[in-house]
There are 2 protein chains.
Amino acid sequence: MPEAPLQDRLLATFDTLPPRLRAAARWVLDHPDDVALLSMRGQAQRAGVPPVTLTRLAQRLGYDGYDEVRDLYAQAVRRRAIGFADRGGALVARGKAEGEGRLLADILAASGASLQRLAEEDVLAQIRTAARILGGARRIYAVGQRSSFSIAFHFSYVAAFVGADCHLLEGAGGTGADALRGARPGDALLAVSVKPYVRTTLELARHAAGRGLDVVAITDSAAAPLARSAGCAIIVPTESPSFFHTMLPAFAVAELLVALFATRRGEQALIAITATESELAALDVYALGSEGRRITP
Amino acid sequence: MPEAPLQDRLLATFDTLPPRLRAAARWVLDHPDDVALLSMRGQAQRAGVPPVTLTRLAQRLGYDGYDEVRDLYAQAVRRRAIGFADRGGALVARGKAEGEGRLLADILAASGASLQRLAEEDVLAQIRTAARILGGARRIYAVGQRSSFSIAFHFSYVAAFVGADCHLLEGAGGTGADALRGARPGDALLAVSVKPYVRTTLELARHAAGRGLDVVAITDSAAAPLARSAGCAIIVPTESPSFFHTMLPAFAVAELLVALFATRRGEQALIAITATESELAALDVYALGSEGRRITP
DNA sequence: CCCGTTCAGCAACGATTGTTTCAAGAATGG
DNA sequence: CCATTCTTGAAACAATCGTTGCTGAACGGG
């Protein structure tokens, strides 16, 4: 069983505990999951002690009551779901800060956690599937509106940079749908949409699917409209301590997709990049062209 | 998001559910861990529905009560715990992973680290200064090109959502600079630019500074052209294990800026948001307007 | 030996849980 | 149009929760 929040503390005091409390502590050490999932009375029964004993154990450890202990273990379960060892730094910083600093620290900590959630098996699997679909497509269309637009744009821009035949469907004036006119099976559509779902994005995705395109979705829930109609859906968290949703994980997914995409194209991608770069340099787009720089869109 | 016991069943009945039940189902789908760890009332609150609704949802799925549903999710948590114990966790898996999986894990880890760097004192201080400047400005202009465009766009979009008088300077056709014609002292410019620095962005920033605007820069080095000319420069890391630069930290900064900005505006921001929302709703921009949703750009 | 302290468990407490009931509103079909 | 069904939330419900107060037992130092 993985990390147990109070393990060290319990072991330290273990020898000084009276027999029944020790039995309780022992059970807690052995069943961290149950601490989070069962009621205190249920745990007491399984541990073979009266409920009071657990309360007393919690108090002896310096907590007000057993609820605090259970919260601790619940957090551990959540963290394990995410799969990262807790990095003290950010959490400590959060605790000390106040006001604006507190908000900033909270948001950053939450952002980090959100990104970690992308590292879960099933999400990664979806990302890889998506990269495979996009990589195999003859042409890629990308669509996203309002808060999702920046995601679609970024993907489209970088994908084009590595030589993909990628078209961004801008929603304005309905011209977006027009670009789809030449689309045919073998093409793919990357659609980005989070709550509240913009109608035209959904319709475009439906339309594309109807024409036989592979639809890859970046959205915020398995129950989201896009997730249900798309061939491959990548679910990103959007909750944030601020009172906005965050698009950061979606942005990260976009970058991940291009990275994989580029890897799949390999040599071909490098050629495309250098070609684009020299073209742009010739057009004098960039300042300070002399400085040594990496391949960069 | 880890395995969800009822996912299939919920998705199957999802469309036939009445609105509030659907909202509940949706929350359950999106927060499987919380189903196991929180009390029903706590879950109801987070889902934005009265407690009864969860009971009804359980009954509609054929269970006697919500407790059975929670037991199901608790079992899933335990099962996952076992799985992790066997395989030794995601971190080990990362080490073992190869090829694509390895790349994804590396990028995500690096992204997390990059975000942590934003939490450093001096960066935070710059962010706060920037928020103060932008918050005090009469009007905000935003500019960013190529890979920086998505950052500028996102900032501009969300800032406008909270009621800021924010204009995005699009580079195409030189019309971007035109929008600056009405600019005067008291206005501010948010300029985003990373290597290789697009010439026009730099020129625009210089131009704006010349007209007496406060210039806030998001860039990638203290030695970058923008950093040296701007009144306030936020330095973001752009290194990445992939062979592209990453714009993720810059994106995070954009979101942080708006969050702070909105906080400063307080009540005023909320009013602006609800006004915009109802306007958009009236225009029928969004699908599924009925579902309870948060303030969302 | 007695006395004070610590430990353990029972019973009862208020708080909170999940559920049922009921009435009002919305949607639907005739 | 009315009648009917379905949907929804407030309030009240018993059950269960975690905790407290209390009592007796066990133990150790005087």
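Order of the sequence lines fixes the chain letters, A, B, ..., with proteins taken first and strands second; residue numbering starts at 1 for each chain. Side-chain atoms are counted along with the backbone in the values below, which use heavy atoms only and exclude waters and symmetry mates.
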Separation of A/Arg60 atom CZ from D/dT19 atom P, in whole Å? 16 Å
Could you tell me how far apart A/Gln43 (CD) and D/dC17 (C1') are, to the nearest whole angstrom? 12 Å
Whole-Å distance, B/Met40 CE to D/dA15 P, equals 17 Å
Rounding to a whole Å, what distance do you find between A/Leu54:CG and D/dT20:P? 14 Å
What contact category does A/Arg70 fall into here, base, sugar-phosphate, or nothing, at under 4.0 angstrom with non-hydrogen atoms? sugar-phosphate
Specify the separation, in whole Å, of atom CD of B/Gln45 and atom P of D/dG9. 15 Å
Of the options D/dT19, C/dT21, C/dG18, whose atoms approach the side-chain atoms of B/Thr55 most closely? C/dG18
When rounded to whole Å, the CG to C1' distance for the pair B/Asp67 and C/dT16 reads 13 Å
Between atom CZ in A/Arg41 and atom P in D/dT20, what is the gap in whole Å? 13 Å
Please identify which of these residues, A/Val194, A/Leu202, A/Thr201, meets the side-chain contact (heavy atoms from CB on, under 4.5 Å) condition with A/Val198. A/Thr201
Among C/dT20, C/dT19, C/dA8, find the nucleotide with the atom closest to the side chain of B/Val52. C/dT20
A/Phe149 vs A/Phe153 aromatic rings, parallel, tilted or perpendicular, using cut-offs 30° and 60°? tilted
Can a side-chain donor-acceptor contact be found between A/Gln43 and A/Tyr66 if the only test is distance below 3.5 angstrom? yes
Within this structure, what is the OH-to-P distance between B/Tyr63 and C/dG18, rounded to whole angstrom? 17 Å
Out of C/dT21, D/dT20, D/dG18, which has the shortest distance to the side chain of B/Arg56? C/dT21
Contact class for A/Gln59 (heavy atom, under 4.0 Å): base, sugar-phosphate, or nothing? sugar-phosphate
Can you tell if the side chain of B/Met40 reaches within under 4.5 Å of the side chain of B/Thr55, non-hydrogen atoms only? yes
Side chain of A/Ser39 only, heavy atoms from C-beta on: which candidate in C/dT21, C/dG9, D/dG18 is closest? D/dG18
Counting side-chain heavy atoms from CB outward, which of C/dG9, D/dT19, D/dA10 is closest to A/Arg20? C/dG9
Does B/Arg78 form a salt bridge (Lys or Arg N to Asp or Glu O under 4.0 Å) with B/Asp71? I'd like the steps, not just the answer. CA-CA 10 Å; B/Arg78 279 186 242 265; B/Asp71 285 349; over 6 Å; no
